[in-house]
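Below: one structure, written as structure tokens.
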There are 2 protein chains.
Amino acid sequence: MDLSERQLQILQAIINDYVENAEPVGSRSIAKKYDLGVSPATIRNEMSDLEEMGYLTHPHTSAGRVPSDKAYRLYVNNLMKKKNLSARDKRLINERLQASRDEFDQTIRHAAELLSEITHLTSFALTPATNEETISFIRLLPVDERTLILMIVGESGNVTNTTLRLKVPYTQEMLDVLSKNMTVTYKGRTLDDVLRSHIIEDVGSDIEAMSAAMDALRGNVMPSFIRTLEDMLNVNLYMEGMTNIFNLPEYSSIDRARDFMQLFAQKDWFTQKMLQRGDGVVVTIGDENAKMKDCTLITATYHVDGKLVGKIGVIGPTRMKYDEVTAIMEYLTNNLSESFRLTGSSDSEQPGADDGSHEDDK
Amino acid sequence: MDLSERQLQILQAIINDYVENAEPVGSRSIAKKYDLGVSPATIRNEMSDLEEMGYLTHPHTSAGRVPSDKAYRLYVNNLMKKKNLSARDKRLINERLQASRDEFDQTIRHAAELLSEITHLTSFALTPATNEETISFIRLLPVDERTLILMIVGESGNVTNTTLRLKVPYTQEMLDVLSKNMTVTYKGRTLDDVLRSHIIEDVGSDIEAMSAAMDALRGNVMPSFIRTLEDMLNVNLYMEGMTNIFNLPEYSSIDRARDFMQLFAQKDWFTQKMLQRGDGVVVTIGDENAKMKDCTLITATYHVDGKLVGKIGVIGPTRMKYDEVTAIMEYLTNNLSESFRLTGSSDSEQPGADDGSHEDDK
DNA sequence: TGTTAGCACTCACTCATTAAGAGTGCTAAT
DNA sequence: ATTAGCACTCTTAATGAGTGAGTGCTAACA
């Protein structure tokens with residue numbers, strides 16, 4: 001049961017209006033603002049049909065219509081036109097993202113900040129999942145007689161370290177041997193793989209001719225090694241612009257605001273949810289989000305070295321400017337991926353720097 | 001103009017009652033609940049005097065009295081009795097804090113989490129300020145032909161690193177020389193000191209006989225070195241239990257809640273404010289906090305290796321259980337400091353493990 | 001002189017009533 | 001098929017009475 005051209009126009013108009021004003025929209029105001037060449041009465045009839053089909057709802061009998069999740073879904077899939085970023089937003093992204101390109105977590109956090117600033121919504125960013133990261137080398141560095149630093153370096157420049165205090169003394173030579181030994185054993189394997197295999201069999205026992213002292217050192221180091229690997233797998237979540245939602249009428253009731261805020265108190269749960277989402281720009285609307293029933297979630301992925309994948313996203317009410325937000329996120333993630341192509345390089349060309357070609361500043 | 005014994009009793013009673021119920025307290029209910037041996041009329045007279053002296057306020061003529069900031073101040077300074085932690089809270093702290101003692105930031109964050117859980121308020125924790133941290137050694141590690149890792153290690157086991165990509169190739173030997181050279185130059189100096197001196201004079205130019213290649217390498221590394229030092233100085237702020245305030249009647253209006261939340265959106269500002277506060281348990285009430293006029297802020301300090309100083313704190317309405325919260329924070333920070341005496345050791349005795357001696361579980 | 005009982009008065013809060021306004025849904029005319 | 005007209009519904013804001021908690025004052029009391 002397809003929608004007629006006119007019905008689509010009306011639906012589009014209602015969505016536009018509602019996204020703008022956050023108030024149920026009536027037939028008369030549609031007729032006035034959008035020049036559809038029909039009277040309010042006709043529009044009323046169409047609206048009634050649209051409601052029957054589930055695209056609109058009625059807060060109460062004598063109120064205007066409000067788009068349903070289904071309507072937004074239709075809009076996003078079929079009606080929405082690709083929007084060009086305003087020159088201002090492009091400039092903002094280009095400038096602000098460039099500034100902090102060498103510190104990884106910093107950059108991600110900045111990106112989230114920027115995103116919430118531009119969209120006026122709550123945003124978040126996840127550092128890349130490193131399951132697939134492979135180990136490059138392992139190093140043990142002396143600090144004092146009993147303290148040393150364990151350092152694990154991944155192929156993509158990821159570095160994690162722990163300071164550990166031993167119960168047994170060690171020599172520089174012992175550290176060198178163990179470092180080399182561990183590097184030989186684990187080099188080229190993914191973190192996931194190493195962790196899994198370590199649980200099953202006590203890897204590394206293939207090393208022959210180990211002195212008692214070395215054995216003791218090894219016994220001291222291995223638990224830390226495992227813990228550090230686990231630490232390396234951890235993904236960081238940054239949230240920005242939470243208070244933005246206080247400006248939106250849908251969160252003017254304290255209960256709604258509380259519910260919203262509490263979603264993010266469970267950072268771990270939220271992180272898991274986000275990691276499960278698909279690649280590219282993904283939009284889930286209202287009911288499509290198990291919890292968060294009256295939110296829309298838009299996520300997008302960025303790449304590091306074309307391999308590791310991180311996520312960035314915004315959360316807001318289902319009433320949002322889908323065209324703008326998706327456009328921003330696409331641009332932003334492209335930009336991020338480009339920045340992370342060569343970690344730490346600082347003189348590559350800025351991607352998508354086609355400023356001034358199209359312009360539609362608000 | 002001192003307060004009479006009876007006035008103090010009445011003030012104390014009003015504070016107790018108000019802290020409990022968050023509602024203006026009237027003369028009659030005081031007379032009934034607290035056995036002061038005087039009639040409501042007498043209490044009314046005293047209350048009137050207390051109001052004149054600025055210890056109480058009137059929301060409106062026909063309402064009960066509410067303690068003023070001045071009253072809370074008096075209470076904290078003179079009236080409040082040291083409270084013993086409930087056995088339950090002690091156990092909670094001992095157990096939960098022990099679990100994650102080797103990862104620094106983790107532990108701090110856990111402590112904040114715990115604090116907000118026990119107090120039902122919003123809490124935060126700052127990692128230690130490292131201005132006074134001294135450099136132990138600097139290491140440069142090769143990753144591939146053009147990529148290397150710069151690692152700075154502080155005396156207290158603090159480690160920070162960056163991955164940097166060079167424009168010039170290098171050899172292992174060059175790295176060794178430069179590492180050693182930098183270590184010799186900076187070892188034993190504080191981060192602050194190094195950063196300051198580096199701005200004034202280009203340190204390290206005293207090194208003679210440097211080849212052109214070494215010079216280039218050095219030129220590539222130094223900016224990262226400075227940036228990494230700055231990074232090392234950065235203090236991390238963790239906030240927990242923000243949504244707890246939604247359960248408090250003082251934040252039942254959306255505006256109050258918004259204002260509260262927005263305080264923490266400016267993380268940098270907040271961090272600065274907190275760093276400026278004194279050592280030990282510090283309580284600032286209402287107006288004493290420039291912004292945050294109707295909050296009370298309680299902070300306490302913990303130590304790392306008896307030297308570096310970090311902060312932990314709670315924020316809530318001026319109406320709070322000062323005795324309990326300060327007791328908890330004292331216990332918690334002692335515990336933390338003890339945990340951090342030997343970073344990374346995992347078999348020291350648990351401090352303050354005198355469970356069961358006093359008990360007043362709620 | 002300090003304490004207390006009594007009482008008038010104030011003010012917030014609740015609840016019901018009313019009126020206004022926006023918008024629908026139906027019907028009949030075009 | 002479209003539209004004008006109109007009754008009907010429901011929300012929202014404003015008004016006002018009634019209620020109750022609590023004060024402040026005064027006069028009596030020990």
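So that the names make sense, note that chain A is the first sequence line, chain B the second, and so on, each numbered from 1. All figures in this text were calculated on a predicted structure; none of them were measured in a lab.
By the neighbour-count criterion of 12 heavy atoms within 6.0 Å, atom CD of A/Gln276 is densely surrounded, having more than that number from other residues, nucleotides or ligands. Atom CG of B/Asn247 has more than 12 heavy atoms from other residues, nucleotides or ligands within 6.0 Å.
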Query raised in the report: Taking it one step at a time, do B/Tyr72 and B/Val283 satisfy side-chain contact (heavy atoms from CB on, under 4.5 Å)?
Result: CA-CA 10 Å; B/Tyr72 287 125; B/Val283 181; over 6 Å; no

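Comparing A/Asn45 and B/Met47 against DNA chain D, the residue whose closest nucleotide sits nearer the 5' end is A/Asn45. Along DNA chain C, the nucleotide nearest to B/Thr61 and the one nearest to B/Arg44 differ in position, and the one closer to the 5' end is contacted by B/Arg44.
Residues forming a salt bridge (Lys or Arg N to Asp or Glu O under 4.0 Å) with A/Asp17 (at least two apart in sequence, or on another chain): A/Lys33. Scored by the side-chain hydrogen bond (donor to acceptor under 3.5 Å, both in side chains) test, B/Tyr238 finds B/Asp105 as partners (sequence neighbours excluded). Scanning for side chain to side chain contact (heavy atoms under 4.5 Å, CB included) contacts around A/Thr333 gives A/Ala300, A/Tyr302, A/Ile312, with sequence neighbours left out. Not counting sequence neighbours, the partners of A/Asn289 by the side chain to side chain contact (heavy atoms under 4.5 Å, CB included) test are A/Arg277, A/Thr284, A/Met292, A/Leu297. Residues passing the side-chain hydrogen bond (donor to acceptor under 3.5 Å, both in side chains) test with A/Arg44 are A/Ser27, sequence neighbours excluded.
Applying the side chain to side chain donor-acceptor pair (under 3.5 Å) test to pairs two or more places apart or on separate chains, those with a residue in residues 254-266 of chain B are B/Asp255-B/Arg258, B/Arg256-B/Asp294. Residue pairs satisfying the salt bridge (Lys or Arg N to Asp or Glu O under 4.0 Å) criterion with at least one member in residues 61-79 of chain A, sequence neighbours excluded, are listed as follows: A/Glu51-A/Arg65, A/Arg73-A/Glu288.
Smallest separation of non-hydrogen atoms from B/Gln7 and B/Leu3: OE1-CA, 3.5 Å.
Here the CE-CD1 distance, from A/Met320 to A/Ile298, works out to 5.0 Å after rounding to the nearest 0.5 Å. Atom NE2 of B/His58 is separated from atom CE of B/Met47 by 6.5 Å, given to the nearest 0.5 angstrom.
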Query raised in the report: If the sugar-phosphate is the primed atoms plus P, OP1 and OP2 and the base is the rest, what is the B/S/- string for nucleotides 12-20 of chain C, using protein heavy atoms under 4.0 Å?
Result: S--------

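Here the range on DNA chain D touched by chain A, meaning any atom under 4.0 Å from one of its heavy atoms, is D/dT2 to D/dT11.
Annotation: proximity of residues 9-20 of chain B to DNA chain C (heavy atom, distance under 4.0 Å) is found for no residue. Near DNA chain D, defined here as any heavy-atom distance below 4.0 Å, the residues from residues 27-43 of chain B are B/Ser27, listed numerically.
Fit an axis to the five pairs at each end of the helix from C/dT1-D/dA30 to C/dT30-D/dA1 and the two axes sit 20° apart, to the nearest 10 degrees.
In terms of modelled atom types and a separation under 3.5 Å, the side chain of A/Ser123 and the main chain of A/Ala112 share a donor-acceptor contact.
Residues A/Phe124 and A/Phe270 bring their aromatic ring centres within 6.0 Å.
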